[in-house]
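Structure first, then comments.
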Amino acid sequence: MCLVHYTTHFTTHFNISNICKHFGFIHESIRQLVIRKYGEDTWLQVLERSGFENGKENIVNHYYSDTDTYVLVDSVSIVIKVTKDQVWEMYGGFLITYSMEIGWDELVRSMSPNLKGFLDNLDSLHYFIDHVVYKANLRGPSFRCEENPDGTLMLHYFTGRPGLYHIVKGVVKEVAKLVFNLDITLSVQGRTQRSVHMNNGERVEEHVIFLIKNVGENRRDSEASTVSLMTSAAPDFGEIVDDNLRMSLQDFSKALPYHFVLDESCKLVQCGDELYNHIPNELLKPGTPILRIFEINRPQIPLDFENICNFINAVFVLQVKTSPLKKKHMDALTKEEQEQEAEAMEAENTSNELTQGCHLKLKGQMMMLSTKKHIIYLCSPYVTSINELMQFGMRLTAMPLHDATRDLILLNQQRLTDVEVNLQLEANNEQLETMTRELEMERKKTDSILKDMLPRKIAKQLLSGEHIEPCEYETTVMFCDLPAFQQIIPVCQPKNIVKLLNEVFFKLDRIVVLRGVYKVETVSDSYMTVSGIPDYTNEHAETMCHVALGMMWEARSVMDPVNNTPFLLRIGLHSGTIIAGVVGTKMPRYCLFGETVTLASQMESLGLAGKIQCSKWTYTQAMETGRFEFAPRGRITVKGRGDVETYFLTRSLKKSIWEITDHERDVNVNSIEGYEELETSIESAQAARNDNTTKANQNNSAACTIA
């Protein structure tokens, strides 16, 4: 960070009482204060209470509203159990310590040899950082310091929002201690409020008066020095032999081309040469009220002699009321027409005009002349970049060589570029963080899909880059389908068919997840699952039998649109050895190979609707670990295996339907086990299908007879 940037941090703390938004360094310094004094856990409690996301509360170049800061300070007050005023005073003191730690100790120490000078120059430093470097247009408070005969100081603090003067107490005490080695006390001598009428409306201004006393011994910045560290000594010019000014009014106007002198009535006495290039000649005549020529931007006070004297240490920014086009128009008028135009300008409200076009601004210092009846305004054009210079039709030659505005324009041109780059970097970092979060969300979605496509253990191995070798497993494989599905296809719209399959498979998927088996694939209305991979369990047959019973129960809740009867699944199970492995890289699939898969498929295709057909190997395995009720079907001919003994699974003696499907039983309606309802619904559906088939055959026969 550049030194000027650190200065922004220091001066911005005064803005908290008078602006709508401010730099995030305020939040960062509050964070550092809490962490150093109370610990990281306390700060996390503050963030939780204030509603800030950790890491988003202290972005340095970000602007935060006053409301955000008030919420943060309120939370600190509650968490550490001190008053808000104490928090603000602690913050003011810590801000100086912390800022001097991070790189601008030399700048603070070089501002003034005494405390009064330091306080008197705060306004000008504050203005430079906010308005010149960062173009922030922050409306900060004002400070004016007076020396008392007894060596004490009277500090006048003007702010647009009340109640935050405790920050000033903390800052001034710490500056006196660290920079000037003074032990001081600040006591509030007065606190008043008044309404100030400005062109943009009325606002309330609070005026707080502090009495500053040095309670320690009078120290010197060096043993040989007698200079006070609290107040400034009057300069000794020695004896002036000749007090005649060797400079004509014309020379003075050229040396200070933008100056003007006003009297006690705030009327123009004289002005510099360059003002004639921006203001109509008629308005620059001696005796013209300053309010007809300029609008005051800063400080935000009425432009009269008394207020100027009160804010004599502030940076004054005045804006020319006439635009370049208006000046060109008035210069073309006759003398009488110019007077009429000037009177019309004074009578009308010029606030709307000032918001349009290019109106030159002057920035400088008001200085009381020795007569005490005149004030001179020493200023330069408020121009900080080449673009602004060109907007007013000016060139660098419009500024005298002794005017630092020349160097400021050139230096600040690069400075603004650097600031813009920093702001853009922070914006890019925030955008990258957002993109990273979005990418992380997408990665999680992709990982989730992969874990749905593959067994979770296999998916994790793939995601970690491990090579997966094909393995041999002892498993139970199940196939099921909807025998009535082929009858539905000719009479249903495609979207209705897809919707129907989604409804059925959604219910089957729930049972698969619930019982912890792996869904291999679905093809048309066929559904394939396996139990016992990739983690072997000797209960694979028992688990798959429970899955089959659960699926049979779930399918009956979906209605066949043709027969208007519950769907009946046809399920086949077989247990044996398979080979399983990942096939493919772009769209990897976990595939099963072996005679066990073929025989399980045949158990399903040779089965009956509403029945769960198991081979004798599944029957044997299931009865070893579980308790089921099977009905022997007898031997059936299986292609490639000859006659195979099979069984129909009817119920589990170990788990009820409600346990298998994780449904709550209605004690007033349902049986304890639920298998009676399953058997009844299957028999009813089969009977209804048989009746429909008989009627269809009779209709076909009648049609043939008539033909």
Side-chain angles (χ1 to χ4, degrees), residues 451-461 468 470-481 505 507-523 526-555 569-582 589-605 607 611-630 646-657 659-662:
K451 290 174 182 178
D452 289 338
M453 294 172 59
L454 305 174
R456 186 165 295 271
K457 178 180 177 180
I458 301 299
K460 288 182 179 179
Q461 290 176 332
I468 301 172
C471 296
E472 186 176 86
Y473 299 95
E474 284 290 330
T475 65
T476 297
V477 180
M478 183 190 80
F479 282 88
C480 70
D481 68 354
F505 287 168
K507 294 177 178 294
L508 302 189
D509 288 345
R510 193 183 75 85
I511 299 298
V512 166
V513 174
L514 192 63
R515 307 316 308 174
V517 298
Y518 173 59
K519 173 185 173 181
V520 181
E521 63 180 353
T522 58
V523 178
S526 181
Y527 194 102
M528 178 184 178
T529 60
V530 61
S531 174
I533 62 169
D535 297 318
Y536 173 75
T537 173
N538 60 351
E539 298 176 352
H540 56 83
E542 177 187 353
T543 301
M544 193 57 77
C545 288
H546 287 145
V547 170
L549 290 168
M551 288 183 171
M552 190 67 76
W553 174 271
E554 291 292 311
L569 293 180
R570 181 173 59 181
I571 301 176
L573 284 76
H574 177 62
S575 301
T577 302
I578 65 166
I579 301 297
V582 177
R589 303 292 301 177
Y590 195 62
C591 297
L592 311 183
F593 305 95
E595 189 178 2
T596 299
V597 177
T598 305
L599 190 52
S601 176
Q602 290 175 325
M603 287 294 103
E604 175 244 355
S605 61
K611 297 292 184 180
I612 303 171
Q613 181 167 256
C614 305
S615 67
K616 67 174 182 179
W617 292 275
T618 300
Y619 166 79
T620 302
Q621 288 283 338
M623 293 302 288
E624 284 182 2
T625 60
R627 291 185 295 125
F628 296 93
E629 185 178 288
F630 287 92
T646 60
Y647 299 84
F648 288 135
L649 173 63
T650 57
R651 67 174 62 197
S652 170
L653 302 177
K654 194 174 181 179
K655 292 181 181 291
S656 67
I657 283 291
E659 293 175 287
I660 294 172
T661 60
D662 196 30

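- Ile579 and Pro470 make their closest contact through CG2-CB, 4.4 Å (heavy atoms, listed as atom of the first residue, atom of the second, distance).
- Residue Met528 forms a side chain to side chain contact (heavy atoms under 4.5 Å, CB included) with just one option from Thr522, Asp481, Val477, and that option is Val477.
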Should Thr625 and Glu542 be marked as a side-chain hydrogen bond (donor to acceptor under 3.5 Å, both in side chains) after you check the CA-CA gap, both sets of side-chain angles, and the distance that decides it? CA-CA 7 Å; Thr625 60; Glu542 177 187 353; 3.1 Å; yes
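- For the atom pair Lys655 NZ and Ile660 CD1, the distance stands at 7.5 Å (nearest 0.5 Å).
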Worked check of side chain to side chain contact (heavy atoms under 4.5 Å, CB included) between Tyr527 and Leu569: CA-CA 10 Å; Tyr527 194 102; Leu569 293 180; over 6 Å; no
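- Thr577 and Glu472 are not linked by any side-chain donor-acceptor pair at a separation below 3.5 angstrom, with hydrogens and angles left out of the test.
- Donor-acceptor pairing under 3.5 Å is recorded for the side chains of Thr476 and His540.
- A 4.5 Å side-chain heavy-atom check between Leu599 and Trp617 finds at least one atom pair inside the cut-off.
- The neighbour count for Glu521 CD, taken as heavy atoms of other residues, nucleotides or ligands under 6.0 Å away, is above 12.
- Closest approach of Gly532 to Thr537, counting heavy atoms only: CA-CG2, 4.2 Å.
- Of the possible donor and acceptor atoms, none in the side chain of Thr646 sits under 3.5 Å from a partner among the backbone N and O of Gln613.
- To the nearest 0.5 Å, the span separating CD on Glu595 from CD on Gln602 amounts to 8.5 Å.
- Using a 4.5 Å heavy-atom cutoff, the side chains of Val547 and Ser531 are not in contact.
- Under a 3.5 Å cut-off, the side chain of Thr620 and the backbone N or O of Lys616 do form a donor-acceptor pair.
- A distance of 13.0 Å separates CD in Gln621 from CE in Met544, rounded to the nearest 0.5 Å.
- Glu554 places no side-chain N or O within 3.5 Å of a backbone atom of Leu508 that could act as its donor or acceptor partner.
- Side-chain atoms of Met603 and Leu573, non-hydrogen and from C-beta on, never get closer than 4.5 Å to each other.
- Asp535 and Tyr518 share no side-chain donor-acceptor pair at under 3.5 Å.
- Taking CD of Glu474 as the reference point, atom OG of Ser575 lies at 8.5 Å (rounded to 0.5 Å).
- Proximity of Phe479 to Val520: side-chain heavy atoms (C-beta onward) are nowhere separated by under 4.5 Å.
- With contacts defined as side-chain heavy-atom distances shorter than 4.5 Å, the pair Phe628/Arg651 does not qualify.
- The line from OG1 of Thr650 to NZ of Lys611 is 8.5 Å long, rounded to the nearest 0.5 Å.
- Rounded to the nearest 0.5 angstrom, Leu592 CG and Thr529 OG1 are separated by 10.0 Å.
- Contact record, Phe505 with Ser526: CZ-O, 4.4 Å, taken as the closest heavy-atom pair.
- Nearest heavy atom pair, residue Val512 against residue Met551, reads CG2-CE, 3.5 Å.
- Of all heavy-atom pairs between Tyr473 and Pro534, the closest is CE2-O, 3.4 Å.
- For the pair Arg510 and Thr661, the minimum side-chain heavy-atom distance is below 4.5 Å.
- Contact detail for Phe630 and Met623: the closest heavy-atom pair is CE1-SD, 3.8 Å.
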